[in-house]
Amino acid sequence: MSQSSTEQDRKAVYKKSLNLPKTAFPMKANLVQNEPASLKRWDALSLYDTVQSARQDSDRFVFHDGPPYANGSIHLGHMLNKCLKDFVVRTRLMAGKSCRFVPGWDCHGLPIEHKVMQELSESGKLAKLSELSEDNRRMAIRRECQKYAQKYIKHQSAQMQRLLTLGDYANPYMTMDPNYEGAVLEVFAGLVAKSVVYRRLKAVHWSVDNETALADAELEYYDREDISVFVDFEADDAEKVYDAFGLKGDNRPYQRPCFMIWTTTPWTLPANLAIAVNPRFEYALVRVDGNITVLASALAEKVTKQAKSDGFETLATTTGEKLLGLRYRHPFMGAGPDFSTQPAAAMVGAEPEGIFRVVGAEYVTLEDGTGLVHTAPGHGADDNATGVREHLPIYCPVTANGAYDNSVPEWLRGKNIWKANTEIAEHLRSSGHLFHDYKFMHSYPHDWRGKTPVIFRATEQWFIGVDEPVDGGDTLRAMALEKTASGVKFVPEWGRNRMRGMLESRPDWCISRQRAWGLPIPAFYTPDGKVLLTEASVRAVAKGFREKGSDSWFTESAQSLLRHYEPKKDDHAPRGLDVKSLTKGHDIFDVWFESGSSWNAVMRERSGGRDYPIDLYLEGSDQHRGWFQLSLLPALGVTGRPPYRTLLTHGFIVDKDGHKMSKSLGNALDVDELVKEFGADVCRWWIASISYENDIKADLSYFKTAGEAYRKVRNTLRFMLSNLDDFVPSPPGKDCGSGEGMCVAFSDYPTASIDAWVLKEFDRLSQRVREAFEKYHFRAATEHLYNFCNDTLSAVYLAAVKDRLYCDKPDSARRRRTQSTLWDLTDGLCRLLAPVLPHTADEAYRALHRSEEVCVHTTTFIEKFGVKAEGGWPKVMEAREAALKALEEVRASGVIENPLDAGITLPDPDHELRDFDPCDLADLLGVSRVSLDPKADAPSVQDLRNEPRCERSWKRDTTVRVRSDGGMLSDRDAEAVGLA
RNA sequence: GGGCCUGUAGCUCAGUUGGUUAGAGCGCACCCCUGAUAAGGGUGAGGUCACCGGUUCGAAUCCAGUCAGGCCCA
């Protein structure tokens, strides 16, 4: 045998004698295959129920899930939202608290109904439906909508579970559940009892063709030719107009001045009740074509040119402010419409003597027209708002089929409005009120089904008044503002301002819709037009809905729906009420009223009041106006307190350039594809590592980065596991630190040992991570966790203890102590990681325990190990930094390449390092030897290449010498292989 | 057009009540290890703090405006 082959043999023997890492925990995560297996395992464990019952007597953290709309697939925003919620729930559970998560879905509403109607239309079934009675037609649509919602709830639920979110998916809440519906009506009854619910006219898009109100989503815009008119409205009191313009005595013309308005819908002129000006604009009194008229200064030239007039002369100017309150005469409505023929709701809050007046409005612009806006509160959204504010009647002389009623002059009565357009123009021309008219093309809303032009028409709607005193006390607006100012915690804090701004400017809440797919507003009508809607009647219907669902509204008679109602006991019932004669209303609730009542339906009722108010609502920042506000208002009305203690919001996902993400822009990422490519744990890590308060940029490359970070964490766990292959921990249920099995009792750790140091570092980590979780700072938590794995463990501790793990005798006290430490670190780390990486943390936890029976999610965080460490450790780490820099300099000069060829002398002027084991220090620096020099002021590097090298540990130790087998070994290595 | 918010290395973010040379991580560059190996370690280079004024002895930080972007309204 040659010399070299003996050397080869010896090398092989030595290598075999090492305790090299070994583990079944794979480096490659294979999340896409293994995560579904985790889901199955947790399912078999009934994990959600198991954890809930284990925590049932613990401190409660009450969380409430806001319902997404049951339509389509979940998008990145849902993923973000659901994962953040899951972090909250899991961190509370791991902190030992009780925290339930009942996922919910918003089921009713137009988007689904619209989709279903489209499908019915395409399949030709729509025509058949129109032959049915109104109730039967609606029921047929509702059945389809329900199927549709159920389908997408199932789909979205599966997607959410695939994200590894932990919740009661077996028992979600759905706004179309009979019990939920009943609970919403209970909230409504509470508001009715407080007298904040009322009914008045509101201008809505109206299809003349189908005689129905339309939502924005049901409009399609097409070009259409219309007549547009400039009309002079004569001033009622000429002197006051001239006063407003500051014209005195002889400067005043002898003519009556006019106000010139412009409109593209002459048919709405009969409903004109006011002229709006912008108080901030300058208005001119001009002479044009022999008339004296008022219009915005900036538009005088444009208008007169358009009319091909000979020019104009400006007599005076003034501000819009000065014009307010001036009166005018309607060109053909005489003293005004006959309001007695109008529905009572038209006159709610109205002061009809205030009509034909100049009023102010900020929406008046200088883009088109004259700067004076024809205002018909019954025929426009802006006009409507102005009308309500100015106490004008909401006057609408147009009936459902698009013809005028009898409140207009005889020549218009019964006429179709589209035909009236030209007739009105001609009438104005012959009476001398028409300044100019022309035909033009413009984009105009049409009924999506009939493709016919729609109109704005005032219809009766239900409202919740935010300025009505609740029980004679504060208004809802005042209560909401007060609670926003001090009764609710906002994360981030600026949510408070945002909410306040919205509350200050919000109008009354219109809660009625004229659709089929929703919760009926339980109003009944007497033959003479009186309404039955009282607290008792609503509660009676609520009871009925809980029994048979809201479908019963369409299948049962009024009498049957009111089977739980006793009119005699209801002081608020209309006099002489005969239930048999009642008819049902056709309105349904705004879906926001349903979701805005979830605090009652899901939390308050189900818990018998215990889970109210709720600790946390967590949604996107758009919900300040949506769910947050529309939950606050009903809750304040009914319970007098906000439904939540804390509101946490997250921003919106945008692309990497900061622009909004949308399918049509082609920059959207797909959740299913992301999960398929990266796995849920990686996606969750990404979410946990972003700052969610503002816009969130998302890009495929960010998920790759998250994947890298995930791999780092995974490899750290894997390396620790791989060094525990021969380690027997304490029996289950016992702390590793108890000293049983191969474990070392915490009290036996030398304070100067590197193990004591790392366990103390873990305590610091645990403290910081748990605090960050508590404050919803998931980003900070993952950053700490990552840095701990990357820096404290991988670069420092694990690098340092490799030598003893590999080369010490397997059962050396030093090695066992380090293994004991590794076991605790892995255990503690798995638990801290569990809320963010539920699959991986559990996988590692099972590998640690070598058992498929255990589950990290049934455990709680380890707060601290409490091992004491030497006070000088920070100094050691400082010395390490300095030494590594010195080493790098020597390396760069090409002298020493491998750190094990080097020794280092550390300066120790204050003797702070002498209590530490020189071997530990050498391991920490990755060099062969460390010595201390009280007189040195900087670390110095020694070249040890001339000293013998241990063939087994590769260290150049002073004890290295030839052993009986002919090999060069240090004392430690010789002992490990059984040589003297 | 209005309300709320954002703008700091190539990227994602820290940056306390204004106060030394603006910090991390990723990425990048160079090097080491080959006994964590589709791994691991070391060192280093990157910034006119969006722009323009102002307050101040001193501004990333406070104020006004501009630009860009987001959410919600109109």
Side-chain angles (χ1 to χ4, degrees), chain A residues 11 14-23 25-28 77 278 361-363 365 367 381-382 385 490 492-507 620-626 629 649-661 686 689-691 693-699 701-702 704-706 708-709 711-712 714-723 777 779-780 782-784 786-787 790-791 793-796 798-800 802-803 805-807 880-881 883-892 894 896-902 925-926 952-954:
Chain A
K11 252 189 185 169
Y14 290 162
K15 179 151 181 171
K16 228 181 153 183
S17 74
L18 293 172
N19 320 300
L20 289 183
K22 188 180 159 198
T23 178
F25 187 85
M27 188 179 274
K28 192 165 169 10
N278 192 320
E362 285 296 316
Y363 56 78
T365 69
E367 273 166 40
D382 283 340
F490 286 82
E493 176 59 33
W494 51 254
R496 194 184 304 281
N497 280 341
R498 189 167 185 184
M499 185 84 135
R500 192 190 57 218
M502 288 171 173
L503 284 167
E504 279 168 352
S505 66
R506 75 148 302 131
S621 60
D622 57 335
Q623 299 304 335
H624 283 113
R625 175 160 284 268
Q629 192 190 137
T649 55
H650 55 78
F652 275 69
I653 307 250
V654 295
D655 71 11
K656 67 178 182 358
D657 300 317
H659 293 100
K660 81 162 97 210
M661 224 174 229
W686 174 71
S689 61
I690 55 178
S691 40
E693 297 89 343
N694 296 116
D695 299 344
I696 297 139
K697 290 186 185 176
D699 187 69
S701 62
Y702 301 173
K704 286 181 186 150
T705 306
E708 297 287 320
R711 287 227 305 273
K712 181 80 208 187
R714 182 179 180 88
N715 267 327
T716 306
L717 290 170
R718 176 173 183 265
F719 185 65
M720 294 199 288
L721 290 169
S722 70
N723 281 294
H777 296 171
R779 180 188 160 76
T782 46
E783 201 172 306
H784 290 139
Y786 179 83
N787 287 340
N790 196 21
D791 204 42
L793 292 181
S794 196
V796 181
L798 296 176
K802 259 189 209 180
D803 173 78
L805 287 168
Y806 295 176
C807 304
R880 178 179 177 271
E881 293 272 308
L884 287 174
K885 283 202 168 73
L887 200 58
E888 184 66 20
E889 274 171 39
V890 175
R891 245 200 288 195
I896 298 171
E897 290 186 326
N898 188 334
L900 282 178
D901 291 337
L925 270 51
R952 186 165 174 272
S953 69
W954 304 334

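In the text below, chain A, chain B and the rest are named by the order of the sequence lines, each starting its count at 1.
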Against the side chain of A/Asn694, the closest entry in B/U6, B/A39, B/G41 is B/U6
On a whole-Å scale, what distance lies between the C1' atoms belonging to B/C63 and B/G25?
-> 34 Å
Lys/Arg N to Asp/Glu carboxylate O, A/Glu708 vs A/Arg711, below 4.0 Å: yes
The nucleotide from B/C11, B/U43, B/A38 with an atom nearest the side chain of A/Met27 is B/A38
For A/Leu900 and A/Gly926, the nearest pair of non-hydrogen atoms, with its separation, is CD2-O, 3.7 Å
query: Do the non-hydrogen side-chain atoms of A/Phe719 and A/Thr716 ever get within less than 4.5 Å of each other?
result: no
Using Watson-Crick geometry (N1-N3 plus N6-O4 or O6-N4) or G-U wobble (N1-O2, O6-N3), each under 3.5 Å, B/C57 is paired with B/G19
The Watson-Crick or G-U wobble partner of B/C26, with both key distances under 3.5 Å, is B/G10
In 5'-to-3' order, the base (B), backbone-only (S) or no-contact (-) status of each nucleotide in nucleotides 66-74 of chain B, using a 4.0 angstrom heavy-atom cut-off, is ---BSBSSS
Across every strand shown, the nucleotide meeting Watson-Crick or G-U wobble geometry with B/G40 (both distances under 3.5 Å) is B/C32
### Task
Select base, sugar-phosphate, or nothing to describe what A/Lys697 touches, counting heavy atoms under 4.0 Å on all strands.
sugar-phosphate
* OP1 or OP2 of B/U12 under 4.0 Å from side-chain N/O of A/Tyr702 -> yes
Open item on the list: Check this for me: does the side-chain of A/Ser794 come within 3.5 Å of the base of B/A36 through a donor and an acceptor?
Closed with: yes
Regarding B/G15, purine or pyrimidine glycosidic angle vs 90° from 0 gives anti
Rounded to the nearest 0.5 angstrom, the CG-NE2 distance for A/Asp695 and A/His659 is 11.0 Å
Note to self: Considering every strand and a 4.0 Å limit on heavy-atom distances, what is the contact class for A/Arg952: base, sugar-phosphate, or nothing?
What the structure shows: base
Open item on the list: Check the phosphate of B/C11 against A/Lys656, side-chain N and O only, distance under 4.0 Å to OP1 or OP2. Yes or no?
Closed with: no
query = Which part of the nucleic acid, if any, lies within reach of A/Ala795 when heavy atoms closer than 4.0 Å are counted: base, sugar-phosphate only, or nothing?
reply = sugar-phosphate
B/G1 -> Watson-Crick or G-U wobble partner, both distances under 3.5 Å, gives B/C73
When both distances are under 3.5 Å in a Watson-Crick or G-U wobble arrangement, the nucleotide paired with B/U48 is none
Margin query: With rounding to the closest Å, how many angstrom separate the P atoms on B/G47 and B/A24?
Written below: 15 Å
Using a 3.5 Å distance criterion without hydrogens, assess whether the side chain of A/Arg891 forms a donor-acceptor pair with backbone atoms of A/Ile896. no
Judged by nearest nucleotide, the residue sitting upstream toward the 5' end of RNA chain B, A/Ile690 or A/Trp494, is A/Trp494
Between A/Tyr806 and the options A/Ser17, A/Ser953, A/Pro21, the side chain to side chain contact (heavy atoms under 4.5 Å, CB included) test singles out A/Pro21
message = Using the P atom as the point on both nucleotides, what is the distance between B/A14 and B/G35, in whole Å?
response = 42 Å
Separation of B/C4 atom P from A/Leu503 atom CG, nearest Å, is 14 Å
| Do the non-hydrogen side-chain atoms of A/Ile690 and A/Arg779 ever get within less than 4.5 Å of each other? | no
Here the distance between atom P of B/G44 and atom CG of A/Leu884, to the nearest Å, is 10 Å
Heavy atoms only, 4.0 Å cut-off, all strands: where does A/Lys885 land among base, sugar-phosphate and nothing?
sugar-phosphate
Please list, pair by pair, any protein nitrogen or oxygen found under 3.5 Å from a nitrogen or oxygen in nucleotides 22-32 of chain B.
from, atom 1, to, atom 2, distance (Å)
B/C26, OP1, A/Asn790, ND2, 3.3
B/C32, O4', A/Arg891, NH1, 3.3
B/C32, O2', A/Glu897, O, 3.4

| said: Determine whether a donor-acceptor pair (N or O, by modelled atom type, separation under 3.5 Å) exists between the side chain of A/Arg714 and the backbone of A/Pro26. | reply: yes
Quiz item: If you look at every strand shown and take non-hydrogen atoms under 4.0 Å, does A/Lys712 touch a base, only sugar-phosphate, or nothing?
Solution: sugar-phosphate
note: A/Met499, atom CE; B/C5, atom P; distance rounded to Å ~ 15 Å
What's the gap between B/A36 and B/A22 when it is taken at their C1' atoms, as a whole Å value?
37 Å
Practice prompt. Under 4.0 Å between any heavy atoms, over every strand shown, what does A/Ser691 touch: base, sugar-phosphate, or nothing? Just pick one.
Written response: sugar-phosphate
_Under 4.0 Å, counting only non-hydrogen atoms across every strand here, what does A/Arg506 touch: a base, just sugar-phosphate, or nothing?_
nothing
- Query: Heavy-atom distance under 4.5 Å between the side chains of A/Phe652 and A/Lys660, does that happen here?
  - Reply: no
Open item on the list: So A/Ser701, base contact, sugar-phosphate only, or nothing? Heavy-atom distance under 4.0 Å.
Closed with: nothing
>> Using only atom types and a distance under 3.5 Å, with no angle test, would you say the side chain of A/Ser689 pairs donor to acceptor with the backbone of A/Trp686?
In response: yes
Pairwise C1' distance, B/U37 and B/C32 [rounded to whole Å]: 15 Å
Scanning both residues in full, the closest heavy-atom pair of A/Met661 with A/Val654 reads CE-O, 3.8 Å
From CG of A/Leu887 across to P of B/G44 the rounded distance in Å is 13 Å
Are any of the side-chain heavy atoms of A/Gln623 and A/Thr649 separated by less than 4.5 Å? no
Rounded to whole Å, the CZ-C1' distance (A/Arg714 to B/A38) equals 13 Å
From CG of A/Leu20 across to P of B/C33 the rounded distance in Å is 19 Å
ask   = Under 4.0 Å between a side-chain N/O of A/Arg711 and OP1 or OP2 of B/A36, yes or no?
value = no
Rounded C1' spacing from B/G42 to B/A38 in Å
22 Å
Short side-chain N/O contact from A/Tyr806 to OP1 or OP2 of B/A36, under 4.0 Å:
yes
note: A/Leu717, atom CG; B/G40, atom C1'; distance rounded to Å ~ 16 Å
Pick the C1' atom in B/G7 and in B/G15, then give their distance to the nearest Å.
15 Å
Between CG of A/Leu925 and P of B/U43 the distance, given in whole Å, is 11 Å
Of A/Arg718 and A/Asn497, the one whose closest nucleotide on RNA chain B sits nearer the 5' end is A/Asn497
message = Using the P atom as the point on both nucleotides, what is the distance between B/U16 and B/U61, in whole Å?
response = 11 Å
| Are the side chain of A/Asn19 and the backbone N or O of A/Leu805 linked by a donor-acceptor pair below 3.5 Å? | yes
